[in-house]
Amino acid sequence: EVQLVESGGGTVQTGGSLRLSCTASGFTFDDYRIGWFRQVPGKGRKGVSCITDSDGSPYYADSVRGRFTISSDNAKNTVYLQMNSLEPEDTAVYYCAAIGSGILLLRPLQETQFEYWGQGVLVTVSE
C-alpha cells in the first residue's frame, strides 16, 4: 500500500519555525520526487517546493524562497520542509506528494502531475 505520511505541523507565532516531514512507503522512493503543496480554505492547492533531479536546484515558489528549505533523507524515505520566518500568510494545510522521476516537472508545480498524496498537516501561524 502506497503511503505518504506528513508530520510536524502545529501552531507557531509569526517569525517562528517548523519542520514538516513526509515519510513514504509502498513504492520505490528513488523512482519518485517529493514535493510540497499547501491549501487554504476555499482555494486550490498551490505548489510550495519540490525536489528536482539530483543535480538540480530544488524548486521553490516565490512566496517561500529564502525562507523554506526542502531536503531529502533517502535512507529514511523521508523529505523535510524546513520553514523559517513564518508569516500568517503561510497558514494552510500542507500536503506532500510524489511525482515520477521521469516526468518533466512543470513550474509552478501542477498538482495533476503528482501521483501519490499524503493526508495533509495543518500549519497555523498566529500574529
Side-chain angles (χ1 to χ4, degrees):
E1 179 187 6
V2 171
Q3 280 192 316
L4 292 173
V5 179
E6 301 100 336
S7 61
T11 300
V12 65
Q13 290 186 329
T14 297
S17 298
L18 283 174
R19 188 178 78 158
L20 304 183
S21 300
C22 173
T23 300
S25 62
F27 61 90
T28 303
F29 190 74
D30 290 345
D31 290 342
Y32 288 81
R33 291 163 290 175
I34 302 296
W36 289 92
F37 289 74
R38 65 187 183 186
Q39 186 174 28
V40 298
K43 295 189 177 181
R45 290 174 182 166
K46 289 191 175 181
V48 173
S49 181
C50 190
I51 298 288
T52 60
D53 296 333
S54 59
D55 57 350
S57 298
Y59 165 83
Y60 295 101
D62 290 344
S63 58
V64 306
R65 188 175 294 113
R67 301 187 297 122
F68 290 12
T69 302
I70 192 170
S71 62
S72 179
D73 186 340
N74 287 10
K76 295 182 178 180
N77 285 5
T78 299
V79 170
Y80 303 98
L81 186 67
Q82 178 67 44
M83 306 186 295
N84 298 329
S85 302
L86 284 163
E87 305 166 350
E89 292 74 21
D90 296 315
T91 295
V93 176
Y94 284 72
Y95 299 89
C96 65
I99 178 173
S101 294
I103 297 174
L104 179 63
L105 186 68
L106 299 178
R107 298 163 174 82
L109 302 184
Q110 302 295 315
E111 62 177 301
T112 54
Q113 287 197 303
F114 288 76
E115 184 173 352
Y116 304 124
W117 289 83
Q119 80 287 353
V121 62
L122 178 62
V123 171
T124 303
V125 184
S126 60
E127 298 189 15

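Computed from a prediction, not measured in an experiment: that's the story for all the values here. We number each residue from 1, following the sequence as shown.
In terms of the side-chain contact (heavy atoms from CB on, under 4.5 Å) criterion, residue partners of S85 (sequence neighbours excluded) are, by chain and number, R67. The salt bridge (Lys or Arg N to Asp or Glu O under 4.0 Å) check on D62 picks up R65, with sequence neighbours excluded. Residues satisfying the salt bridge (Lys or Arg N to Asp or Glu O under 4.0 Å) test with E111, not counting sequence neighbours, are R45.
Side-chain contact between V48 and L81: present, with at least one pair of heavy atoms (C-beta onward) separated by less than 4.5 Å. With contacts defined as side-chain heavy-atom distances shorter than 4.5 Å, the pair I99/I34 does not qualify. Between V79 and I70, some side-chain heavy-atom pair lies under the 4.5 Å cut-off.
Using a 4.5 Å cut-off between side-chain heavy atoms of Ile, Leu, Val, Met, Phe, Trp and Tyr, L104 forms no hydrophobic cluster with any other residue.
No single ILVMFWY cluster, assembled from side-chain heavy atoms under 4.5 Å apart, contains both L86 and V93. Linking ILVMFWY side-chain heavy atoms closer than 4.5 Å, directly or via other members, places I103 and F114 in a single hydrophobic cluster.
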Indicate every side-chain donor-acceptor pair of residues 13-22 with a distance under 3.5 Å to a residue at least two apart or in another chain.
unit_1 : atom_1 : unit_2 : atom_2 : d
T14    : OG1    : S126   : O      : 2.8
S17    : OG     : N84    : OD1    : 2.9

For a quick test of your reading: what N or O donor-acceptor pairs under 3.5 Å do the side chains of residues 23-31 make, sequence neighbours left out?
unit_1 : atom_1 : unit_2 : atom_2 : d
T23    : OG1    : T78    : OG1    : 3.0

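Between atom CZ of residue F68 and atom CE of residue M83 there is a gap of 5.0 Å, rounded to the nearest 0.5 Å. Once rounded to the nearest 0.5 Å, the distance linking CD of E87 with OG of S63 reads 8.5 Å.
Of all heavy-atom pairs spanning L105 and C50, the tightest one is CD2-SG, 3.9 Å. The minimum heavy-atom distance linking F37 with Q110 is given by the pair CZ-C, 4.1 Å. Taking every heavy atom of both residues into account, L109 and W36 meet most closely at CD1-O, 4.0 Å.
Among residue pairs with one or both ends in residues 32-43, those qualifying as salt bridge (charged side-chain N to carboxylate O under 4.0 Å, His left out) are R33-D53, R38-D90; sequence neighbours excluded. Applying the ring-ring contact (aromatic ring centres under 6.0 Å, His included) rule to pairs touching residues 79-112 yields nothing, sequence neighbours excluded. Sorted by first then second residue, the side chain to side chain donor-acceptor pair (under 3.5 Å) pairs that include residues 112-121, not counting sequence neighbours, are E6-Q119, Y32-E115.
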